[in-house]
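Worksheet for the structure shown next.
Note that the structure is predicted; figures quoted are calculated from it, not measured. Protein chains get the first letters and strands the later ones, always in sequence-line order, with residue 1 at the start of each.
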Number of protein chains: 2
Amino acid sequence: MSVKREKLIETALELFAKNGFHATGIDTILAHAGVAKKTLYSHFRTKDELILAALRQHDGEFRNFFMKNVEALADTPEERLLAVFDVAEAWFSQNNFYGCMFINAVGEYSEEGTAIREVCKEFKRLMHSYMKSLAEQAGIKEADELASELALLLEGSIVTAQVSEQRDKAAKTAKRVAKTLIDEANS
Amino acid sequence: MSVKREKLIETALELFAKNGFHATGIDTILAHAGVAKKTLYSHFRTKDELILAALRQHDGEFRNFFMKNVEALADTPEERLLAVFDVAEAWFSQNNFYGCMFINAVGEYSEEGTAIREVCKEFKRLMHSYMKSLAEQAGIKEADELASELALLLEGSIVTAQVSEQRDKAAKTAKRVAKTLIDEANS
DNA sequence: GACAAAGTATACAGGTCTGTCTACTATTTG
DNA sequence: CAAATAGTAGACAGACCTGTATACTTTGTC
């Protein structure tokens, strides 16, 4: 694929994360990426298509980052369910942490059923699916229920880290509750 | 206070909630409110000041709605801690539910220390404070910890209801975990 | 080396944005 | 009743928005 296209998506992701989608203009993206306007519009028909491509790429990249780190931090499925919140803490402490891009996107695009919303919904579905598979591998009976509970905790910690700026505490509180829930589901 | 000013804030809140802050123009607010531009700029110096006034009013209104409903649904402090999630479920099921306006605002305004961000942070602090006082009234030792845990669950259920559109399930899952945590903190 | 593909730079159209200004009209208050 | 206050309607400036078009340049491939 084109290196210009990749540069555009990379730049767009940074600016969308920091300043939001509506507040980030095409010209700003072009200036930061060092790409001409015509090149952008040869790769993407509209700004919305660029947003969509950026979100789709971030979906893949982020889940890859997340799973790779979970698997590096712990070996057993049960330990990995807990490690999710260690990875979250490391994520929150990055200096370019601006919350979850998919949550932020839904805040700006409220119309249900649109492509942008569906990508965000799918990302959350896949994160839930990942935690459910870990729970199943750990031999937990109510794997789906536990995954929903842990997903809720993860969302809560992301938003608390973003809004209340208590990043370490948000992750640690979520992890403490997660431990309680995993122990309970295992008994 | 001026009825025009109130109408402006009310209209702005509806449009900001539905379409976001950057995507909602001054002219759109004026047309919906039936107010002249000069009147707006006699009450607010800039759009940001209107946003700030709207957020501050929503802070008061929302917490009042929340606490009134919690207190109507349950009588004892312990039951009220659980009722928080029944009120959340009722909130999510409103047809004009677009998630938490403060979370959405932070997604659009990333610069820490700005007035808009501080209002959002303060709202979350006050919600935590409310749940902490309920926990204290219920005689729970680690009231602050429990409040942080329940706040995390509440945030998680809000975001899940908004993004994943499983509104009933999000509230019920959070309530189920909350019950576990409250029982544990009481033992 | 020729030629097609991909890129640059930039002007432009048509629209929207915030905020100011002028001129006029109700409304309230002393 | 008169004067101050608060409002309407709308034009306007200057900036920014998305998306298209023109003319030129680089790059890669046969």
Side-chain angles (χ1 to χ4, degrees), chain A residues 1-57 101 104-105 107-111 114-117 119, chain B residues 1-57 101 104-105 107-111 114-117 119:
Chain A
M1 263 294 158
S2 164
V3 63
K4 293 292 173 183
R5 188 193 149 95
E6 285 167 20
K7 182 69 182 164
L8 281 169
I9 290 183
E10 179 195 325
T11 307
L13 279 174
E14 286 169 17
L15 293 170
F16 289 153
K18 191 181 304 192
N19 302 318
F21 297 88
H22 285 93
T24 303
I26 288 289
D27 288 337
T28 308
I29 297 170
L30 294 174
H32 279 77
V35 168
K37 191 175 270 196
K38 199 164 187 213
T39 304
L40 187 154
Y41 281 102
S42 77
H43 286 295
F44 309 100
R45 281 189 14 238
T46 62
K47 182 186 177 181
D48 270 18
E49 284 214 355
L50 171 61
I51 293 175
L52 216 48
L55 286 176
R56 282 199 240 268
Q57 175 158 319
M101 172 160 286
N104 295 346
E108 290 201 49
Y109 298 92
S110 71
E111 199 182 343
T114 54
I116 288 176
R117 291 274 304 220
V119 172
Chain B
M1 264 295 157
S2 164
V3 64
K4 294 291 173 184
R5 188 193 149 95
E6 286 166 21
K7 182 70 183 163
L8 281 169
I9 289 182
E10 179 195 326
T11 308
L13 279 174
E14 286 168 17
L15 293 171
F16 288 153
K18 191 181 304 193
N19 302 318
F21 297 88
H22 286 94
T24 302
I26 289 289
D27 288 338
T28 307
I29 296 169
L30 294 173
H32 278 78
V35 168
K37 191 175 272 197
K38 192 146 196 230
T39 305
L40 187 153
Y41 282 101
S42 76
H43 287 295
F44 309 98
R45 281 185 20 235
T46 62
K47 182 185 177 183
D48 270 19
E49 284 214 355
L50 170 61
I51 292 175
L52 215 48
L55 285 176
R56 282 199 239 267
Q57 174 158 318
M101 172 162 287
N104 295 346
E108 290 201 49
Y109 298 93
S110 70
E111 201 182 343
T114 54
I116 289 177
R117 290 273 305 219
V119 172

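Going from atom CG of D48(A) over to atom OG1 of T114(A) covers 8.5 Å, rounded to the nearest 0.5 Å. Rounded to the nearest 0.5 Å, atoms CG (L50(A)) and CZ (R45(A)) are 13.5 Å apart.
K7(B) places its NZ atom 18 Å from the C1' atom of dA6(D), with the value rounded to the nearest Å. Rounded to an integer number of Å, the gap from L30(A) CG to dC16(D) P is 15 Å. R5(B) has its CZ atom 15 Å from the C1' atom of dA6(D), to the nearest Å. The NZ-C1' distance, from K4(B) to dT5(D), rounds to 15 Å in whole Å. Taking atom CG on L40(A) and atom P on dT8(C), their separation rounds to 11 Å, with Å as the unit.
In this model, the phosphate group of dG7(C) is approached by a side-chain N or O of S2(A) to a distance below 4.0 Å at OP1 or OP2. Dashed line: the shortest gap from a side-chain N or O of H43(B) to OP1 or OP2 of dG7(D) is under 4.0 Å. OP1 or OP2 of dT8(D) lies within a sub-4.0 Å distance of a side-chain N or O belonging to T39(B).
Side chains of E10(A) and K7(A) form a contact here, defined as non-hydrogen atoms less than 4.5 Å apart.
Shown here for L55(A) and M101(A), the closest heavy-atom pair between the two residues is CD2-CG, 3.6 Å.
In this structure, the side chain to side chain contact (heavy atoms under 4.5 Å, CB included) partners of A53(A), at least two apart in sequence or on a different chain, are R5(A), I9(A), F44(A).
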Pairs under 3.5 angstrom only: tabulate donor-acceptor contacts from the side chains of residues 15-31 of chain B to other protein residues two or more places apart or in another chain.
from, atom 1, to, atom 2, distance (Å)
H22(B), ND1, E108(B), OE1, 2.6
T24(B), OG1, L15(B), O, 3.3
T24(B), OG1, G20(B), O, 2.6
D27(B), OD1, K37(B), NZ, 3.1

*Reading nucleotides 17-30 of chain D 5' to 3', which nucleotides get B (base under 4.0 Å from a protein heavy atom), which S (sugar-phosphate only), which -?*
SBBB-B--------
